[in-house]
Colleague: 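To start, I am sharing the structure in question, which I have written as structure tokens.
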Amino acid sequence: MTERRLLLVNGPNLNLLGTRQPEVYGSTTLAEIEARVAQVAKEAGLAVRAVQSNHEGELIDAIHAARSDCAAIVINPAAYSHTSVAIADALRSVGLPVAEVHLSNIHAREEFRHHSYVSAVAEMVVAGAGPLGYEMAVQYLADRLAQ
Ligand code: DQA
């Protein structure tokens with residue numbers, strides 16, 4: 001059997017992790033998060049394709065492409081969480097299990113961050129655990145796919 005793959009999607013401004021508002025998002029870079037996700041997934045027998053984009057349409061294209069070769073999606077939609085019906089619809093359209101991650105606790109921040117369109121599509125949501133949240137999402141999906 002070919003190795004199963006997770007799609008890891010990170011939305012706008014997350015390419016700047018490490019230097020972007022470290023008091024909110026910490027000092028871990030996106031490259032470090034992607035490496036850690038790949039390691040945790042590998043230990044669970046899963047491969048990872050990591051995508052980051054600052055463009056809504058590119059994120060949607062990456063989600064659509066997952067249909068052909070991914071078993072599940074880990075996504076931090078960043079600010080698009082709060083605005084994008086299109087990304088939520090793309091996730092709904094591919095029909096794969098989705099885990100939504102936010103580094104910060106969006107519920108403890110400004111009111112406009114409290115609602116995420118993606119949460120209605122996600123099986124699990126983790127917010128406020130920092131980079132560890134990505135590992136939790138991978139572990140959830142590995143367990144879910146093993147069932
Ligand atoms: C974020 C929270 C969003 O509100 C924000 O726009 C981000 C990052 C997080 O990981 O905490 O860019 O998704």
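First listed ligand is number 1; within each ligand, the first listed atom is number 1.
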Colleague: Of all the non-hydrogen atoms in the protein, which one sits nearest to atom 9 (C) of ligand 1, and at what distance?
Modeller: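 Here the closest protein heavy atom is Leu103 N, 3.4 Å.
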Colleague: Among protein heavy atoms, which sits nearest to atom 7 (C) of ligand 1, and what does the distance come to when rounded to 0.1 Å?
Modeller: Tyr25 OH, 3.5 Å
Colleague: Heavy-atom distances under 4.0 Å decide this one: backbone, side chain, both or neither, for Arg113 against ligand 1?
Modeller: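 Arg113 to ligand 1: side-chain contact only, backbone stays beyond 4.0 Å.
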Colleague: Between Asn76 and ligand 1, find which residue part has any heavy-atom pair under 4.0 Å and reply side chain, backbone, both or neither.
Modeller: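 Looking at Asn76 and ligand 1, just side chain atoms fall under 4.0 Å.
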Colleague: Geometry only, no angles: is Ala79 polar-contacting ligand 1 at N/O separations under 3.5 Å?
Modeller: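 So ligand 1 has an N or O lying under 3.5 Å from an N or O of Ala79.
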Colleague: Quick one: does His82's side chain get under 4.5 Å of Tyr117's, heavy atoms only?
Modeller: no
Colleague: With heavy-atom distances below 4.5 Å as the criterion, would you say the side chains of Gln52 and Leu30 are in contact?
Modeller: yes
Colleague: Indicate yes or no: at least one non-hydrogen side-chain atom of Ile75 is less than 4.5 angstrom from one of Ile63.
Modeller: yes
Colleague: Is there a side-chain contact between Asn54 and Asn15 (heavy atoms, below 4.5 Å)?
Modeller: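 Touching, per the 4.5 Å side-chain cut-off.
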Colleague: Out of all atoms in ligand 1, which are within 4.0 Å of some heavy atom of Arg20? Include the element for each.
Modeller: 7 (C), 12 (O)
Colleague: Taking 4.0 angstrom as the limit and counting only heavy atoms of Ser104, give me the atoms of ligand 1 inside it, by number and element.
Modeller: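 Once the distances to Ser104 are compared, the set is 2 (C), 9 (C), 11 (O).
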Colleague: Measuring from atom 1 (C) of ligand 1, which candidate in His82, Arg109, His102 has the nearest non-hydrogen atom?
Modeller: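 Comparing heavy atoms across His82, Arg109, His102, the nearest one to atom 1 (C) of ligand 1 lies in His102.
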Colleague: Between Tyr134 and Glu34, does the side chain to side chain contact (heavy atoms under 4.5 Å, CB included) criterion hold? Intermediate values first, please.
Modeller: CA-CA 9 Å; Tyr134 288 89; Glu34 288 175 347; over 6 Å; no
Colleague: Taking the side chain as every heavy atom from C-beta outward, state whether Leu103 and Ile33 have any atom pair closer than 4.5 Å.
Modeller: yes
Colleague: Is ligand 1 under 4.0 Å from a heavy atom in the side chain of Ile106, in the backbone, in both, or in neither?
Modeller: side chain
Colleague: Taking side chain as C-beta onward, heavy atoms only, is Leu6 less than 4.5 Å from Leu8?
Modeller: no
